[in-house]
Amino acid sequence: MEITKKDVELAAKLAKMKVSEREVAIYQEQLEALFKWVRELAAVNTDNVKLTNVNHCAHLRADVPTSDPALAAQLRSAFDEEQDHCAKVKKVL
């Protein structure tokens, strides 16, 4: 699959990014290399490969919310504004 200039421009538009002609060329080359690498990986036969590295500890952590009012206040103080005991940030979109 060849990545075209039009593909890069469409991806940038969907990501709401402005890209220069120079950046389009750079991203086109990088995306082409990425997809080439994915094709190489897909070509590897892994039918007889057994999974050997599994994280057996991930499920042991209790998913319990914690509350540290002092830490929360310290984190909120790092922001310029606060509203309803929350850090107020700039609008993203």
Sequence neighbours left out, cut at 3.5 Å: what donor-acceptor pairs do the side chains of residues 4-12 make with other protein atoms?
from: T4; atom 1: OG1; to: K6; atom 2: N; distance (Å): 3.4
from: T4; atom 1: OG1; to: D7; atom 2: N; distance (Å): 3.1
from: T4; atom 1: OG1; to: D7; atom 2: OD2; distance (Å): 3.1
from: K5; atom 1: NZ; to: E21; atom 2: OE1; distance (Å): 3.0
from: D7; atom 1: OD2; to: T4; atom 2: N; distance (Å): 2.9

May I have the list of side-chain donor-acceptor pairs in residues 27-41 shorter than 3.5 Å, sequence neighbours left out?
from: Q28; atom 1: NE2; to: I3; atom 2: O; distance (Å): 2.9
from: E32; atom 1: OE1; to: I3; atom 2: N; distance (Å): 2.8

Exercise. So which pairs with a foot in residues 68-85 pass salt bridge (Lys or Arg N to Asp or Glu O under 4.0 Å), sequence neighbours left out?
Worked result: R76-E82, E81-K88

Problem set entry | Other cluster members, V49 - Ile/Leu/Val/Met/Phe/Trp/Tyr, side-chain contacts below 4.5 Å | none

For this session: Applying side-chain contact (heavy atoms from CB on, under 4.5 Å), name anything that partners S67, two or more places apart in sequence or on another chain.
Result: P69

